[in-house]
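Single-structure report; data block below.
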Amino acid sequence: MRVAAHETARASSEPGRYCGPDPQALVAGEDPQLLARSDPGACGGFASGSPPLRSVYRLAMDGGADFKDPGWSGPLRRGATLVPFVGRLLDRRSDGDPESPLVLVRKILAAFAVALLGLLWVAVALASTERESTSPAVWSIAVTAAIGLASFVGVLLIRRRTLACGSDKELLGAYTDRFFAQMAAAQVPALAGIVATFLSVSLLPYLLGGGVAAAGFALAAPTRAEILRTQERLEAQGCARRLGLILTSENQPEA
């Protein structure tokens, strides 16, 4: 596909043939808007009947899925370092080893998941105490459910946020900001559930809130499929930058 696109871009100046920016240069990470102005191709610009620049983006995006996914084992292990005593034994990574942004956000997600399990133990302890409840369990469950629904809708709305794509650094910042906003919204039901468990002396509110929080974390998870879906939305808005490669690079992108 890339070779054919390259030959099409450089072949001739016949009407109806594409003579715009070389897709090979786009694949190499060149700025498409700059190429459109400074490298019109061998034919001297866009020929009549040629496809719009978005079609060139799509040709260039053939490499958009070709990023090396670091996997989840490392981030999950790092998230487990929050466990007292055992955590330090699991942390084998040298402090000098570089980490890509994707590994960092996955590690943070794993830490939030471990925190949910920690709150579960707290909820079990609160529900096991012999004291009078200050709130009926049914009301606590209803309030937790309402907060959970609002939180889940908030996560869905945040996921629809358009990412800025002016530079690699701006795109990376927009993606991580969206991730943290989703995580912040997703954790609210768990916090509400722990408070409701304390008031009602019942484990059910936390089980409900923690379950909704876990579902929100799953939605926000930076999986390979989620990154590729985001890449498709970036293409649709005319952005030729490759999110997967930016997230897996251990070098800080330049402004």
Please examine the side chains of [Y] and [X], heavy atoms only from C-beta on, and report whether any two atoms are closer than 4.5 Å.
| X | Y | answer |
| --- | --- | --- |
| F180 | I108 | yes |
| I246 | P101 | no |
| L109 | V105 | no |
| S200 | P205 | yes |
| Y175 | I227 | yes |
| I194 | V122 | yes |
| L191 | I147 | no |
| L116 | Y206 | yes |

Any chance you could measure [X], atom [atom1], to [Y], atom [atom2], to the nearest 0.5 Å?
| X | Y | atom1 | atom2 | answer |
| --- | --- | --- | --- | --- |
| C165 | R233 | SG | CZ | 13.0 Å |
| L208 | L203 | CG | CG | 11.0 Å |
| S202 | L126 | OG | CG | 11.5 Å |
| C239 | E170 | SG | CD | 9.5 Å |
| S249 | D168 | OG | CG | 9.0 Å |
| T144 | W139 | OG1 | CH2 | 13.0 Å |

Assigning hydrophobic clusters by single linkage (Ile, Leu, Val, Met, Phe, Trp, Tyr; side-chain heavy-atom cutoff under 4.5 Å), is [X] placed with [Y]?
| X | Y | result |
| --- | --- | --- |
| I158 | F152 | no |
| L247 | M183 | yes |
| F112 | L117 | no |
| V153 | V188 | no |
| L199 | L120 | yes |

Heavy-atom pair of closest approach, residues [X] and [Y]:
| X | Y | value |
| --- | --- | --- |
| P189 | A186 | CD-O, 3.1 Å |
| Q187 | F217 | N-CE2, 4.0 Å |
| Q237 | L163 | NE2-O, 2.9 Å |
| A127 | V201 | O-CG1, 3.8 Å |

Do [X] side-chain atoms and [Y] backbone N/O form a donor-acceptor pair below 3.5 Å?
| X | Y | value |
| --- | --- | --- |
| E226 | P222 | no |
| R159 | L219 | yes |
| R224 | G71 | no |
| T197 | G193 | yes |
| Q231 | L243 | yes |

Run the side chain to side chain contact (heavy atoms under 4.5 Å, CB included) check on K68 and T248 step by step: do they pass? CA-CA 7 Å; K68 184 178 180 181; T248 53; 5.8 Å; no
Please tell me whether T230 and R178 have a donor and an acceptor in their side chains that are separated by less than 3.5 angstrom.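 Indeed, the side chains of T230 and R178 share at least one donor-acceptor pair under 3.5 Å.
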